[in-house]
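So the structure is just underneath, and the comments pick up after that.
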Amino acid sequence: MPEAHDAPGVQAAPDTPGALDALLDLLDLERIERDIFRGQSRSALVPRVFGGQVAAQALVAAGRTVPGDRLAHSLHAYFLRPGDPGAPIVYSVDRIRDGRSFTTRRVVAVQHGQPIFHLSASFQAYEDGLDHQADMPAAPDPESLPTAAEMLPRHLPEDVARRLVEARAAVDLRYVDTPPWGSVGEPREPRSQVWFRTNGKLADDPLLHVCLATYVSDMTLLDSVLLAHGRGGWAVGDVVGASLDHAMWFHRPFRADEWLLYDQESPSAAGGRGLGQARIWTRDGKLAISVIQEGVVRVPRP
């Protein structure tokens, strides 16, 4: 299978020079041993490693031990401890099973001698089969929506908006409706939609596109939990939280450098935890990915 760093011709968007290249470098893991890899981190908006980064890097590690004709079709992960953005992360891959159709891998991410993340991923050789899907929900064209750089300063303090735009500079992410921090104190339907794509073209490696979708999937999935309670979230500090577990199913081929609609909702919040579930659609209406995540969502105590 082509590795994530085998990506000739990647081009960053003119308004985000080098941002996509920096993200691809982050996913370009160093192989230490046959099934052991090392990845670097970068600072996030909170004093821990961004969960989407760890999940994407772990999937890169798993994918590099799998034959090239087998594509990722699911992952299940647990976030065990906050990651230290100032230290490298070591990913150890266990080759659980190599069957005639399916390949299973388990990945443990370790920092400072302790596991911080656990991933199980399954890969499948392509085959024909029964095919049906739900209908794609209605959504406006992504080009009709404001960019993050245009929208965020309307709702957040200048320094917070700037840091959030910089943290997401490799991705063109556009909210269909007002994000949680733009409607603080106004509970509404626990559903949100965003369009996203990378800010630049990518190579044709399917693993790379799956890993980048995994990276983005952790950015906004719990927003719908916040909307139900009129909370602004991590950007304004009226809740504290972190991802607990994350699951994804990759149904059909897609490209992360072409527009994808992330349709998200929250069916429940209780016990200091909130659940988000979502579907990701290609622009032409194909159901590409299903996602479920539970996270800690707590109101800060005085």
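Positions are given from 1 along the sequence.
Checking side-chain atoms of Thr220 against main-chain N and O of Asp223 turns up no donor-acceptor pair under 3.5 Å. Here the side chain of Asp245 pairs a donor or acceptor atom with the backbone of Glu294 at under 3.5 angstrom. With hydrogens and angles ignored, the 3.5 Å screen pairs a side-chain donor or acceptor of Arg252 with a backbone N or O of Leu287. Not a single donor-acceptor pair under 3.5 Å links the side chain of Asp172 to the backbone N or O of Phe196. The main-chain N or O of Ala203 is found under 3.5 Å from a side-chain atom of His209 such that the two form a donor-acceptor pair. Under the 3.5 Å distance criterion, the side-chain polar atoms of Ser266 are matched with a main-chain donor or acceptor of Leu275. Remark: side-chain polar atoms of Glu33 are not paired, donor with acceptor, to backbone N or O of Ser92 under 3.5 angstrom. Judged by distance alone, with hydrogens and angles left aside, the side-chain atoms of Tyr126 form no donor-acceptor pair with the main-chain N or O of Asp69 at under 3.5 Å. With hydrogens and angles ignored, the 3.5 Å screen pairs no side-chain donor or acceptor of Gln57 with any backbone N or O of Gly39. Although no hydrogens or angles enter the test, the distance criterion places no donor-acceptor pair under 3.5 Å between the side chain of Arg298 and the main chain of Val240.
From Leu173, atom CG reaches atom OG1 of Thr198 across 12.0 Å, with rounding to the nearest 0.5 Å. Separating the CZ atom in Phe102 from the CZ atom in Arg97 is a distance of 8.5 Å, to the nearest 0.5 Å. Between Glu258 atom CD and Leu202 atom CG the span is 9.5 Å, to the nearest 0.5 Å. One distance of note links OG of Ser41 with CZ of Arg48; it measures 13.5 Å at 0.5 Å rounding. Separation of atoms CD1 (Ile289) and NE2 (His251) is listed at 8.0 Å; rounding is to 0.5 Å. Arg283 contributes atom CZ, which lies 11.0 Å from atom CG of Leu260 (distance to the nearest 0.5 angstrom).
For Tyr215 and Phe50, the ring centers are positioned less than 6.0 Å apart.
Residues Leu71 and Pro206 come closest through the heavy atom pair CD2-CB, 3.9 Å. Of all non-hydrogen atoms in Ala121 and Leu59, the two that sit nearest each other are CB-CD1, 3.9 Å. Nearest heavy-atom pair, Tyr91 versus Ala109, reported as atom, atom and distance to 0.1 Å: CE2-CB, 3.5 Å. Pairing each heavy atom of Val107 with each of Ala62, the nearest pair is CG2-CB, 3.8 Å. Across Pro140 and Leu145, no two heavy atoms sit closer than the pair CG-CD2, 3.9 Å. Closest approach of His118 and Val108 over heavy atoms only: CD2-CG2, 4.0 Å.
In terms of hydrophobic clustering, with Ile, Leu, Val, Met, Phe, Trp and Tyr side chains grouped at heavy-atom distances under 4.5 Å, Trp259 and Trp281 are assigned to a common cluster. When hydrophobic clusters are built by joining Ile, Leu, Val, Met, Phe, Trp and Tyr residues whose side-chain heavy atoms come closer than 4.5 Å, directly or via intermediates, Val160 is grouped together with Met151. Met219 and Leu75 fall within the same hydrophobic cluster, where Ile, Leu, Val, Met, Phe, Trp and Tyr residues are linked whenever their side-chain heavy atoms come under 4.5 Å apart, directly or through other members. Leu227 is not connected to Val297 by any chain of hydrophobic side-chain contacts under 4.5 Å among Ile, Leu, Val, Met, Phe, Trp and Tyr, and they are in different clusters. There is no path of hydrophobic side-chain contacts, each under 4.5 Å, that joins Val176 to Leu152.
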Under the side chain to side chain contact (heavy atoms under 4.5 Å, CB included) criterion, do Glu30 and Val90 qualify, and how do the steps go? CA-CA 9 Å; Glu30 174 190 1; Val90 175; over 6 Å; no
Given the rule in the side chain to side chain contact (heavy atoms under 4.5 Å, CB included) test, do Met248 and Val210 qualify, once you have shown the distances and angles that lead to the verdict? CA-CA 10 Å; Met248 302 180 73; Val210 165; over 6 Å; no
Side chain to side chain contact (heavy atoms under 4.5 Å, CB included) between Phe79 and Val296: does it pass, once the steps are laid out? CA-CA 11 Å; Phe79 297 88; Val296 172; over 6 Å; no
Does Asp218 form a side-chain hydrogen bond (donor to acceptor under 3.5 Å, both in side chains) with His246? I'd like the steps, not just the answer. CA-CA 8 Å; Asp218 191 41; His246 196 84; 4.5 Å; no
Criterion side chain to side chain contact (heavy atoms under 4.5 Å, CB included) on Leu208 and Leu24, from CA distance to verdict: CA-CA 9 Å; Leu208 180 60; Leu24 294 176; 3.7 Å; yes
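Salt-bridge annotation for Asp257 and Lys201: present, with a side-chain N of the basic residue lying under 4.0 Å from a carboxylate O of the acidic one. Between Asp35 and Arg64 there is no salt bridge, since no side-chain nitrogen of the basic residue lies less than 4.0 Å from a carboxylate oxygen of the acidic one. Using a cutoff of 4.0 Å between basic side-chain nitrogens and carboxylate oxygens, Arg162 and Glu158 are not scored as salt-bridged. Ion pairing between Asp177 and Arg191 fails under the 4.0 Å rule for side-chain N and carboxylate O.
Counting only heavy atoms from C-beta outward, the side chains of Asp284 and Lys286 approach each other to under 4.5 Å. Annotation: side chain of Val194 is in contact with side chain of Tyr175 (closest heavy-atom distance under 4.5 Å). The closest side-chain heavy-atom distance from Thr65 to Phe123 is not below 4.5 Å. A heavy-atom distance below 4.5 Å is found between the side chains of Leu23 and Leu212. A 4.5 Å side-chain heavy-atom check between Gln53 and Ile89 finds at least one atom pair inside the cut-off. Contact of the Pro115 side chain with the Arg81 side chain is registered, since non-hydrogen atoms from C-beta on lie closer than 4.5 Å. Residues Tyr262 and Leu221 are in side-chain contact: their nearest non-hydrogen atoms beyond the backbone lie under 4.5 Å apart. Considering only heavy atoms from C-beta on, Arg197 stays 4.5 Å or farther from Pro142 through its side chain.
Other residues, nucleotides and ligands place more than 12 heavy atoms under 6.0 Å from the CZ atom of Arg95. Heavy atoms of other residues, nucleotides or ligands lying less than 6.0 angstrom from CZ of Arg106 number 12 at most.
Ser120 and His76 are not linked by any side-chain donor-acceptor pair at a separation below 3.5 angstrom, with hydrogens and angles left out of the test. For the residue pair Thr178/His155, the side-chain donor-acceptor check at 3.5 Å is not satisfied.
Partners of Asp25 according to the side-chain contact (heavy atoms from CB on, under 4.5 Å) rule, which considers only residues two or more places apart in sequence or in another chain, do not exist here. Checked against ring-ring contact (aromatic ring centres under 6.0 Å, His included), Trp195 has no partners two or more places apart in sequence or in another chain.
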